[in-house]
Amino acid sequence: MPQEERTIVKSASAAEEPNREDRGRDERYNPHQIEEKWFKRWQQDSSLYAAEPHSSKPKYYVLEMLPYPSGALHMGHVRNYAIGDALARYMWMNGYNVLHPMGWDSFGLPAENAAISAKVPPREWTLRNIANMKAQMKRLGFGYDWSREITTCLPDYYKWNQWFFLKLYRRGLAYRKKSKVNWCPKCATVLANEQVVGGCCWRHEDTPVEQRELEQWFLRITNYADELLRDLDRLPGWPEKVRIMQRNWIGRSEGTLVDFRLDGPSGEKISVFTTRVDTILGATSVQLAPQHTITEKLAAADPELRKKVDQLIAEQAKAKETGDIGNIEKHGVNTGHFAINPYNGEKVPVWVANYILMDYGTGAIMSVPAHDERDFEFAKKYGIEIRQVIEPSVARAPSPAKEVSDKSVRPTQSGEMPFTTLAFAEQKGFGKATVTFRLKDWGISRQRYWGTPIPMVYCDEDGVVPVAEKDLPVILPENVEITLTGGSPLVQVPEFLNTTCPKCGGLARRETDTMDTFVDSSWYFYRYTDAHNERAPFDSKIAGYWFGEKGIDQYIGGVEHAILHLIYSRFWTKFMRDLGLIKNSEPVERLFTQGMVIKGGAKMSKSLGNVVAPDEMIARFGADAARMYSLFAAPPDRDLDWQESGIEGIQRFLSRLYRFVAKNAHPNDAAWNKSIPTELSPEARAIQRKLHQTIKRVTDDFQGRWHFNTCIAATMELVNELYSSEIVGERASSPAIPLSLLADVQRNLVLLLAPFAPFLAHELWEMLGGKSSLLKAPWPKYDPELAKEEEIEIPVQVNGKLRGKIVIAPGVGEEEIKQRALADEKFQSYIAGKQIVKVIFTGKLVSIVVR
RNA sequence: GCCGGGAUGGCGGAAUUGGCAGACGCGCUGGACUUAGGAUCCAGUGCCGUAAAAGGCGUGCAGGUUCAAGUCCUGUUCCCGGCACCA
């Protein structure tokens with residue numbers, strides 16, 4: 001690592017103190033030297049972070065989301081992995097058998113883009129990036145079990161994607177359908193609806209998505225829609241925020257499908273979905289999405305209408321583009337045709353409107369202006385009749401009752417009608433109760449090279465035929481030219497394309513589409529448990545051990561994956577359960593979503609020029625400081641504003657700690673390992689008390705709230721106390737404290753910091769004479785007796801205002817405390833001559849109320 | 001527009017159950033050490049006020065409940081994230 005050596009030299013010279021004898025070189029904290037030393041040692045022992053296959057210890061599976069190997073880690077990764085690593089180390093120290101793996105989500109478009117721009121084959125580019133990022137992770141000291149590393153773009157992994165696909169196909173959960181798909185002209189590929197951001201490609205945010213019709217493979221995630229929804233209630237370890245987002249994404253809605261008919265010789269059906277079939281007599285128009293098939297037909301015969309519809313489509317696209325579809329200025333056009341209300345035979349006008357979305361429900365609605373605000377707004381704008389048919393009318397709309405026309409049906413109470421109207425519809429056969437979901441089937445076909453080949457074959461004789469399991473994997477060919485033109489590059493590879501039919505042995509074509517990379521990440525965490533299995537994706541027993549009944553103990557990642565990745569993973573888990581591979585129904589018991597790393601209030605981005613590179617931070621401050629700062633600057637669930645001066649502060653703290661231990665470690669002294677005397681001087685006792693209070697605070701904040709920032713702050717306080725103490729700090733000429741206590745304080749302090757700054761902690765542990773490995777040294781315990789204060793300050797309020805404090809010994813009774821407060825001279829000016837209404841003591845504070 | 005989260009000193013943040021607002025870090029000010037300090041150590045640092053005190057004000061804004069509110073309630077503004085006019 002020549003680059004790092006250079007920085008070591010640089011930083012050493014920057015802090016150089018030529019020929020100063022008063023401070024030995026040993027006392028200066030040199031993170032690069034320390035980190036290099038431990039880096040080398042840890043390199044030599046691959047079993048260090050390995051999970052035990054058979055263990056009497058309780059298991060703990062801690063997982064961070066695997067990265068896409070884009071080339072280098074960014075600060076968001078560092079933060080994510082610093083959180084996970086701190087937790088893994090904490091659990092190791094608490095005696096758990098910890099599984100803490102890492103891998104690479106290594107299929108995907110950027111590799112193809114790199115192939116085009118840099119002329120590097122995707123595989124080579126990807127593997128090079130992986131090597132670089134893996135080195136960065138090791139340099140940062142993250143404790144992963146690399147023997148379980150998975151790389152999704154390699155055949156030993158993607159073979160099982162194909163295997164799963166065949167299972168899905170056999171169960172009818174994978175199917176082909178022709179459908180309009182989102183087409184990104186830049187990627188020259190199809191995007192899932194979920195991958196469209198504001199009408200634009202999620203990767204090319206300024207490229208509007210076009211619509212094309214293609215034959216696609218879909219996975220029937222909707223078969224699991226109800227279960228995916230229901231089980232959200234069984235995930236108390238997930239942030240409420242994420243559960244709500246998923247609930248909204250699934251979007252279950254109970255209502256009625258009603259068939260209107262187009263008035264005219266064709267009498268075509270117009271199905272509408274409504275949750276308020278009880279208002280159907282108030283329907284005064286039917287509204288179609290601009291892309292509706294009936295819209296298309298009517299427009300085909302009417303050039304004027306065609307023009308207007310095209311404009312509506314353009315408006316809708318524009319609104320989607322700006323992400324403002326929810327706020328679209330409503331426009332519509334009257335087709336001049338009518339639809340027949342099946343309930344009363346009434347003819348109502350058929351409109352086409354820009355706010356009706358083709359991809360929700362049936363793409364058509366009945367418009368009931370008196371009982372729906374949006375319909376009301378539209379009707380007012382275009383002068384469509386508003387007819388109230390039930391009580392009450394639309395909430396908050398300005399009294400539409402006034403505009404009820406002569407044709408009003410007598411209003412009934414809301415809720416009276418749905419049952420009878422629905423029953424009537426079902427009896428007459430023009431409507432039925434329906435549950436719709438917003439969730440759509442998962443389109444996984446990609447017209448890309450760098451992905452898992454879909455293991456299907458097209459034969460002129462036998463049609464669509466699955467590849468035989470024994471012939472897996474279908475290997476992705478190498479040396480493929482990537483072009484930007486549409487269609488999959490695999491079409492251009494005859495050796496791949498041309499094959500034989502598994503059924504008849506005749507000539508056949510392979511499927512040239514590859515799979516969405518969300519397939520890879522939907523089940524990767526099971527593979528970690530048994531990463532080298534060649535006969536199955538994983539062994540059920542082994543996965544069963546690590547997943548238990550509830551899944552991964554703790555999953556940590558960015559909130560941006562709250563919906564897609566996490567809902568696909570949940571679906572895949574349920575599917576694998578139904579296959580009999582696993583017992584758990586959910587993949588993740590506890591989920592943690594960390595905040596973003598920002599700089600100057602803005603997301604880090606190349607265009608803003610505010611990107612902070614981890615390598616640079618490591619070079620300047622060391623890995624420990626970089627990791628620790630990312631935990632200190634904010635609680636982990638909040639956004640973190642990266643401040644250079646902040647990480648300098650952390651480095652200062654680590655230096656302070658290092659110097660203290662360098663000066664106060666005396667492991668060869670006979671008194672060092674003796675037991676701590678029970679009788680201590682008040683000064684020594686104060687240090688001991690602070691230590692035990694610190695252990696309590698760090699443990700509580702780590703365990704309960706994950707507020708690593710306050711954990712670290714607590715250890716800072718302890719170090720400050722040590723420095724300012726009269727008996728050990730700089731002020732003390734020689735330590736006037738029992739060496740055994742001095743040893744105890746330092747050892748515990750180092751243990752408390754081990755999850756956050758592993759390099760320095762190991763170095764100091766060694767300096768303190770630690771023999772066993774720090775990694776699995778037991779987490780410190782505090783003694784509540786030793787943590788107890790000897791005197792307690794009780795604040796005293798008079799009429800709600802703080803007026804001073806009294807000092808009491810622990811154990812003094814409530815009455816005495818009240819009396820002491822009332823009698824105290826300090827408060828006489830506030831209470832003398834006034835009537836004391838009451839005195840409150842709550843255990844923390846005395847409150848005197850006077851009149 | 002809907003859903004979710006947030007707003008606390010000059011800055012990042014702390015305050016875990018309604019009980020001392022501002023822990024810890026940064027920055028700033030002063031001092032010590034020093035040829036030097038951008039190293040290190042010590043002290044101070046919410047705002048107004050004062051020679052110093054006393055005193056007053058203070059958690060986006062306006063109200064409310066309470067002996068007591070950053071924390072609970074009602075209303076409201078702004079910022080961030082997500083989204084779906086979802087019928």
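Chain letters run A, B, ... following the sequence lines, proteins first and then strands; every chain starts at 1. Note that this is a predicted model, so its numbers are computed, not measured.
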Check every strand shown and say whether [X] touches a base, only sugar-phosphate, or nothing at a heavy-atom separation below 4.0 Å.
{"X": "A/T842", "value": "base"}
{"X": "A/K801", "value": "sugar-phosphate"}
{"X": "A/N248", "value": "base"}
{"X": "A/I840", "value": "base"}
{"X": "A/D375", "value": "nothing"}
{"X": "A/F653", "value": "nothing"}
{"X": "A/Y830", "value": "sugar-phosphate"}
{"X": "A/N720", "value": "sugar-phosphate"}

NZ/NE/NH1/NH2 to OD/OE distance under 4.0 Å, A/D701 and A/K696: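 So A/D701 does not pair with A/K696 through a salt bridge.
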Cation-pi check, A/R656 onto A/Y723 ring (under 6.0 Å, within 45° of axis):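 Relative to the ring axis of A/Y723, which defines the angle, A/R656 lies inside both limits.
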Any N/O donor-acceptor pair, [X] side-chain to [N] base, under 3.5 Å:
{"X": "A/Q797", "N": "B/G19", "answer": "yes"}
{"X": "A/K838", "N": "B/C67", "answer": "no"}
{"X": "A/S847", "N": "B/C67", "answer": "yes"}

Nearest-neighbour nucleotide for the A/N709 side chain, B/C24, B/G13, B/C80 considered: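 Nearest to the side chain of A/N709 among the choices is B/G13.
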Distance flag, aromatic centroids of A/Y629 and A/F621, threshold under 6.0 Å: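 No, ring centres 6.0 Å or more apart.
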Ring centers of A/F708, A/F702 separated by less than 6.0 Å: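 Yes.
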When the [atom1] atoms of [M] and [N] are compared, how many Å lie between them, rounded to an integer?
{"N": "B/A7", "M": "B/G12", "atom1": "P", "answer": "11 Å"}
{"N": "B/G22", "M": "B/G70", "atom1": "P", "answer": "12 Å"}
{"N": "B/U8", "M": "B/C61", "atom1": "P", "answer": "10 Å"}
{"N": "B/A14", "M": "B/G46", "atom1": "C1'", "answer": "14 Å"}

Chi-angle category of B/G9 [syn within 90° of 0, anti beyond]: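 Glycosidic conformation of B/G9: syn.
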Greater than 12 external heavy atoms within 6.0 Å of A/K381's NZ: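 Correct, the count exceeds 12.
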Short side-chain N/O contact from A/N354 to OP1 or OP2 of B/C85, under 4.0 Å: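 No, because none of the side-chain N or O atoms of A/N354 sits under 4.0 Å from OP1 or OP2 of B/C85.
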Under 4.0 angstrom between A/R638 side-chain N/O and B/C80 OP1 or OP2: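 No.
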